[in-house]
There are 2 protein chains.
Amino acid sequence: MRKESRWIRWIKWIVIVTVLFLLGFCIGWFAKPSNTQNHKDSSHYLKDFLGEMKADKIREHLRKFTQLPHLAGTEQNLKYAEQIMKEWQMFGLDSVEMVPYDVLLSYPNESQPNYISIVDHLGNEIFNTSLAEPVPQGYEDISNIVPPYSAFSAKGQPEGDLVYVNYGRTEDFSQLQRVMGINVTGKIVIVRYGKIFRGNKVKNAVLAGAKGIIMFSDPADYWADGIQPYPDGWNLPGRGAQRGNVLNLNGAGDPLTPGYPAKEYTYRFSPEDGVGLPNIPVHPIGFHDAILLLNNMGGEIPPNNWKGALNVSYRIGPGFTDEFKSQKVRMNIHTNNQVTRIYNVIGKIRGAQEPDRYVILGGHRDAWVFGGIDPMSGAAVVHETVRSAGRLLSTGWRPRRTIIFASWDAEEFGLLGSTEWAEDNARLLQERAVAYINADSAIEGMYTLRVDCTPSLHTLAYDITKQIPSPEEGEEGVSLYESWHKRDNWTNDRDAPRISKLGSGSDFEAYFIRLGIASGRARYTKNAKTERYSSYPVYHSVYETFEIVEKFYDPSFKRLQAVAQVRGALIFLLADSQLLPLDVNEYADSLRKYAQSIAQLAQKNLRAMEMYKVSFDSLFSAVENFTVAARDFHERLQTLNKADPLQLRIMNDQLMYLERAFIDPLGLPGRPFYRHVIFAPSSHNKYAGESFPGIYDALFDIENSADPAKAWEEVKRQISIAAFTVHAAAMTLTPPA
Amino acid sequence: MRKESRWIRWIKWIVIVTVLFLLGFCIGWFAKPSNTQNHKDSSHYLKDFLGEMKADKIREHLRKFTQLPHLAGTEQNLKYAEQIMKEWQMFGLDSVEMVPYDVLLSYPNESQPNYISIVDHLGNEIFNTSLAEPVPQGYEDISNIVPPYSAFSAKGQPEGDLVYVNYGRTEDFSQLQRVMGINVTGKIVIVRYGKIFRGNKVKNAVLAGAKGIIMFSDPADYWADGIQPYPDGWNLPGRGAQRGNVLNLNGAGDPLTPGYPAKEYTYRFSPEDGVGLPNIPVHPIGFHDAILLLNNMGGEIPPNNWKGALNVSYRIGPGFTDEFKSQKVRMNIHTNNQVTRIYNVIGKIRGAQEPDRYVILGGHRDAWVFGGIDPMSGAAVVHETVRSAGRLLSTGWRPRRTIIFASWDAEEFGLLGSTEWAEDNARLLQERAVAYINADSAIEGMYTLRVDCTPSLHTLAYDITKQIPSPEEGEEGVSLYESWHKRDNWTNDRDAPRISKLGSGSDFEAYFIRLGIASGRARYTKNAKTERYSSYPVYHSVYETFEIVEKFYDPSFKRLQAVAQVRGALIFLLADSQLLPLDVNEYADSLRKYAQSIAQLAQKNLRAMEMYKVSFDSLFSAVENFTVAARDFHERLQTLNKADPLQLRIMNDQLMYLERAFIDPLGLPGRPFYRHVIFAPSSHNKYAGESFPGIYDALFDIENSADPAKAWEEVKRQISIAAFTVHAAAMTLTPPA
């Protein structure tokens, strides 16, 4: 017994010792701080973040920031900037600053209004277009409403015969000159708005030799059937007209300081050497005035696709019918360009683990008048996003990476605020920016979601919309994804909601196409299949008020709330996920489609391709190479030890820099600031994004080239550049050593 | 007693429990693997690494790789590449590969030799220059020795009068035309080698309208007093001549594929559209032949600084004296350009912790003939460095970052191998390269060390030379630093060995000036104060043999050993230090000096500066801003928690990307591949690095400009770009958020 007892005591002792040791060991093990942030699952923070965004608050923000006109460079737009800065500070951002630049803007001359006349043979003005739009009810006493004008128009009073050139597209001018045999040298052209960016219309008119250009909003393009004009509905009244800049900047930013931020010490070109400024007068009118200019036009009746919906014949001219032959059209344009101070507001939340990784949510603040839709529906959404992020910060959350919120100025004058800031911060951005999410108008229709983004963001866009409820009435319990999917399925080859390429025409341009930062945008849109007007009818008119949103576009403000949640979830997950939510397999899939599609476009000239030995093999082989590299990369991600902060950072860097790999430092031919080899605006329409734009433009030029052998050489050169770029991008996905 | 006993037992128990717990805790604490690599002090590894580099081995390597001529594009140069690849593999690198490109090279026509004649009035050749250099003893049976020629010369047989234009510099042509009133249109110019890169002489001749250019080695520039010509000494024999390319690439790499790697699928421009190819015949001769061409020249006697050391009058022409007036000079040049395959050898040691950070040691392998000095003295040093690194790997060492060794091809034809590889890997390099150390000729004199590097490497260069012994006889126990310091103290304003700016003319160009990777080079050099010849006398001649090094330049091979240790220590510490050994305060100091010096240069035109309101204030203010940012950065480094791998990486990234911040994506005016705003070769001499080259060139142009107002506008623009770039670089050093 005694022996046994001793044995038992020994065993007891050993058990106690072991237990105590293990206890100590475990406490030691877990007490030691780990360098790998034991990343708390951030999904409950995401839920709080999205849940905090309120429709009513968005309504309030929109109401607050659409009271007064706030054109870029005006006092009121500075006041709104100051207010936004103050409120973002109150919301709890770590820092908010105002960043000024001095850029070239353009305003009508207050003492000499712009208008267009019909003059008789004595030079008397027998008809003048209206000097302003009728101001909507409730806004009659508001001053500083800028009348419709074309910003950066040349000054002048050209007089001559009108020629009607449909939408003013490259193909319209080509048809006019080649098929109809009409030369517009020394004429004033009149074109309807729509289809392409207005700056491209102006460039085409200049190239064709016109001495002035008038643009009008045709009901065929800016009128929805069965809808009343504002204020009884959301159609454009006959006396409404579309403002807008008519530059051809190709991404240069401020015309006088291309490539460099427009600071106080910055060298400025003289206006004659400025980038993209038209050298002829340009002016926009509504359809009420257009009828009177078009009514007596002579010349031939054009083909049906040149005819709009006005009760006129759309004869192309030149000039009026015999009866009115002695009458001419005179443009009276006195618009001034002037260097003016603008203000971006930049707010930041410092990242906890990777402060040197930036996720940007940026949208503009300046508006042509009140900006009810463009841009304040977007700015209100950003405001609410900031408010909600501030609330989350106050509960102890801090994102892994730095989030930057931007309220850009002077977007309407050529994306100036965002481009100057990108130029100012180019070094930081190219090394540190993970993604840029754009926040222009959050709504342009009442139908469903619209997302345009780089392919690596596709999967994230789908994932987050599955977590956001549909804002549509009668769709309780339905996700935004389902609602969107039902309304806008991609194409036959994929059962998923449509996501489009990014074009241009908003502030993501410098970030995506110049710097190669993964970018995306989201908004509520119209039904593209049935609603054929460009943008939305009251676009850039005085009728873009708070009320048009409240009465027609989004009375419950739930659509804007949904857009806020989409934009917010994008930046949240990009900033806070341990592993960046970018899908490189999606990029591979897209590249394959684009390569097929550009090769198919070239096939139209099959005989020439054979003659000049043009082959897309190198491009297809590069895409294949990329596809394999992308697949292997995702496989390696499976075995990544996320607890190792360096290994994680290395793979995140590969994900982040993938978009950068598509940047060609030499730029596209003649467009040094458009450097993305996969995506850039078409040379013929800034709004439309083309894939493989270098090849696309080279193919486009074949038709107009006097030297087809040389033109095909350029196609071959562009294919080679595209193939190299895709190979180079694939290389960035392989193991780094 | 019993109670006490129980108490004591309790105390015993508590002590035991506590001790066991603490034991467990400690074991648990220390057993847990730490994510921060407890970085072993790598200094003993460095000592082993440097100690392993042997003079005898370098001698062996040099002997082995100088047996046969190995011009770029020849079979022998491929054989050496294969041998290097094999030996690097044997030495133990993780991977070695051969990377081919197909670039434009240029060779003499084997059946039609190049030469220059004097022809009489009947066109008979009454004197011909030699077709080859006399081959040195021991090499008589060697084939494939390419005769002296100017690579990429145009073909042709121009005939005309000679005009002597000194060194063929911009200022020489200017003096000829403006002061001496001589127009060289339709003439053949003859210039002496030296002072500037030969390609610049050719460009100047083309601009001046010459129809051919002859270059000769004057003893004034290629002859050391009291030294015998080879083989009895290291001077250039009278029949020796300097080969070399005469391109004006401005960093483009392969002339037919500027901006893109010359791969199989790459689009090639036609030769007429190639970059930098001269359109006139060019040919080099020795001074023996030069005497005969210059001897009978007529025209005026030039100023003394145009006179070399030949026993001729150096009359400038045009043409011969009256007596020989009917005689003309005819060039017979049949050199062919042809696309040829070249091979880089790339070897890697994978980094243990940061495989995606690259430190590169690269030098060329191709030689004009044997390459005894250029480049094999450098290649032998690289070879020994690789061998030593392999030994260290076998002892268990592995560097923190990846090391890349490169044996470049076709450097002599325009830095082609290194530039094509940089183009091929541009995305990886700009995101991942920490530094590039160049390894061309390791010796060009017998006096002391020469280091050219970016300012942030100054401190490292000083630190390591203090750890390396002087190779000079009688300096046992003296450090290389002391030996160097004694022989070449910087300037009055600093008591330290001189370090110079990087110019161009070797393979670091694409890495430093195009991509903005911190770069440096080190070699043994002559006494710049007393030895006035350019490079070294036998430069690019057949007399660059193994023997010239063994007999004259470095009989003990200790100088080459010292260079190997300098280059080796640079890459070792850049690759293996936890914190990158880059000193941004040095960059600030250098920027201040450069700003003062360029402002001073401008002051020469004080009145014009006032008239055109030219000020350097913005640049000085930017430099001040940079200085503060650099100081603050180094202060923050003091408190950096190096145990936190992310914090360490973030600051290392700031250090790495600083050099990148000086890159302007738009490039210097007209030179898209020279993008470094602080350092680039002068437009007037590729060899010379200028600080603030944009401003420098703009100031240079003032003197020749027909429109000074416009020329001064360009100066202002360049000052603004420089100021912006320095501000932008400063921003990269501030806390990232």
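Below, read A as the first sequence line, B as the second, and so on, with proteins coming before strands; counting in each chain starts at 1. All heavy atoms count here, side chains included; hydrogens, waters and symmetry mates do not.
Both the backbone and the side chain of B:K716 come within contact range of chain A, judged by heavy atoms closer than 4.5 Å. Contact of B:L666 with chain A is made through the side chain alone, with heavy-atom distances under 4.5 Å. In this structure, chain A has a heavy atom under 4.5 Å from the backbone of B:I663, while its side chain stays farther away. Both the backbone and the side chain of B:D664 come within contact range of chain A, with heavy atoms under 4.5 Å apart.
Applying the salt bridge (charged side-chain N to carboxylate O under 4.0 Å, His left out) test to every pair with at least one member in residues 419-428 of chain B, sequence neighbours left out, gives these pairs: B:K263-B:D424, B:E423-B:R514.
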Donor-acceptor pairs under 3.5 angstrom involving side-chain atoms of residues 728-737 of chain B: please list them, not counting sequence neighbours.
unit_1	atom_1	unit_2	atom_2	d
B:T732	OG1	B:A729	O	2.6
B:T734	OG1	B:M731	O	2.7

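Taking chain B as the reference chain and counting heavy-atom pairs below 4.5 Å, the highest number among A:R432, A:R357, A:E264 is found for A:R432. Of the residues considered (A:I650, A:D653, A:N425, A:T402), A:I650 shows the highest number of contacts with chain B, using heavy-atom pairs under 4.5 Å. Per-residue heavy-atom pair counts under 4.5 Å with chain B were compared for A:P261, A:S618, A:G351, and the maximum is reached by A:P261.
Put simply, the side chain of B:R660 reaches to within 4.5 Å of the side chain of B:M656, judged on heavy atoms.
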- Message: Using side-chain contact (heavy atoms from CB on, under 4.5 Å), reason through A:Y260 and A:R268 one step at a time and then give a plain yes or no.
- Response: CA-CA 10 Å; A:Y260 306 97; A:R268 282 174 176 71; over 6 Å; no

- Stepwise side-chain contact (heavy atoms from CB on, under 4.5 Å) test for A:T419 and A:F673: CA-CA 10 Å; A:T419 304; A:F673 303 112; over 6 Å; no

